[in-house]
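Report on one structure; see the data block that follows.
Basis for what follows: all heavy atoms, side chains included, without hydrogens, waters or symmetry-related copies.
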Amino acid sequence: MEYRFCGKSGLQLPVISLGMWHNFGDTDRFSTMQEIAFRAFDCGVTHFDLANNYGPPPGSAESNFGKIMERGLKTHRDEIIVSSKAGHLMWDGPYGDGGSRKYIMASIDQSLKRTGLEYFDIFYSHRYCPETPLEETVQALIDIVHRGKALYVGLSKYPVEEARRACEMMAEQHVRCLIYQDRYNMLCRKPEDCHFDFMEEQGLGFIAFSPLAQGLLTNRYINGIPADSRVAKSGVFLHREDITPEMVEKIKKLDAIAADRGQSLAQMSLAWILNNDVVTSVIIGASSVSQLDDNLQAAANTSFSPEEISEIDRILG
């Protein structure tokens, strides 16, 4: 596994991190979760990405990760980076969502209890909350570091100007924002417009989530919508209307380029992200060890010829 320094810090992350947004809740088989996590660590994946509301139900991914730690990873704690987040709806009532100090402080205490950890390596503000003064959210993150509840803090899905102000406020109190996390893939390139410049300016690392566009950037939907697919089962994050004939045609052309490279479309999609020097790591999900192994192979070839990049851009329009 390749490791990259996270921005202008001394912390290195594996180029592929394991995310627990899906497949690690109480509705999933625990033995499979454990096999995936152990296999990932054995392959050099030292970074596990969580959030307080991951499940379902919310909180169960952290609890299950805590059990996985107890059953084998606990003795490797100093070899592991564990991140979690707070910002989205976690519990009912006025204090279970947003960016208030009340919510963030309660959230990290709950998350530490569920995981059984003494501290998180990275703790994020999961989203910008316009209803909360930015100073309040940032001060909570600063105090989390000062109190030893997290070694580093990060931001996720923040508008660039608010993210810049947050970084400046942290620096004033001698806490550096370590990392910025956002959705980034071949079909969603919004961070390229302004966030990448901001991150280089501030010396932040960047970690991408949803690298396969909820499965669109695989060959899963080339011949229709499988009955066991996420679209067919729930359609919460990827909808039937997203899979248009035009989109399928693009996927087929991308799949052909991947085949010429000796990769699956999923592997090439991950490699395409990692081809960008701004990117520190990409977060993958996995529902099986075989899927994990397939995705990890992307790290074996992350270089692209100028002709390949040009052709991919042409296909994507």
Is there a continuous path of hydrophobic side-chain contacts, each under 4.5 Å between heavy atoms, that joins F41 to L117?
yes

With sequence neighbours left out, which residue pairs that include part of residues 35-47 fulfil the salt bridge (charged side-chain N to carboxylate O under 4.0 Å, His left out) condition?
R39-D293

Compute whether any side-chain donor of one residue and acceptor of the other, for S84 and E62, lie under 3.5 angstrom apart.
yes

Do W272 and V278 land in one hydrophobic cluster if side-chain heavy atoms of ILVMFWY residues count as linked below 4.5 Å?
yes

Does one hydrophobic cluster hold both I179 and I142, with members joined at side-chain heavy-atom distances below 4.5 Å?
no

side-chain contact (heavy atoms from CB on, under 4.5 Å) partners for R176, two or more places apart:
K8, S9

Applying salt bridge (charged side-chain N to carboxylate O under 4.0 Å, His left out) to R189 and not counting sequence neighbours gives E192, D313

So, are R77 and E118 salt-bridged, with charged N and O less than 4.0 Å apart?
no

Do we get R261 above F304's six-membered ring, with its NZ or CZ under 6.0 Å from the centre and within 45° of the axis?
yes

Show, in sequence, the C-alpha distance, side-chain angles and deciding distance for Q139 and Q173, and conclude whether the side chain to side chain donor-acceptor pair (under 3.5 Å) test is met.
CA-CA 9 Å; Q139 189 62 53; Q173 296 193 47; 2.7 Å; yes

Assess the side chains of Q291 and S287: does a donor N or O sit below 3.5 Å from an acceptor N or O?
yes

Identify, with sequence neighbours excluded, every residue that meets salt bridge (charged side-chain N to carboxylate O under 4.0 Å, His left out) alongside K149.
D109

For E161, salt bridge (charged side-chain N to carboxylate O under 4.0 Å, His left out) partners two or more places apart
R164

So S83 and H47, side chain to side chain donor-acceptor pair (under 3.5 Å) or not? Walk me through it.
CA-CA 8 Å; S83 60; H47 178 212; 3.1 Å; yes

Contact between D26 and N64 at the side-chain level, heavy atoms closer than 4.5 Å - yes or no?
yes

Under 4.0 Å between a side-chain nitrogen and a carboxylate oxygen: does that hold for R127 and D97?
yes

Could you walk me through whether F24 and Y54 pass the ring-ring contact (aromatic ring centres under 6.0 Å, His included) test, one step at a time?
CA-CA 8 Å; F24 284 81; Y54 287 177; over 10 Å; no

Residues 124-145 vs ring pair (Phe, Tyr, Trp, His ring centres under 6.0 Å), sequence neighbours excluded, gives H88-H126, Y128-Y158

In plain terms, say whether E311 and R314 are close enough for a salt bridge, that is, a side-chain N and a carboxylate O under 4.0 Å apart.
yes

Is it true that D277 and R4 have a side-chain N and a carboxylate O under 4.0 angstrom from each other?
no

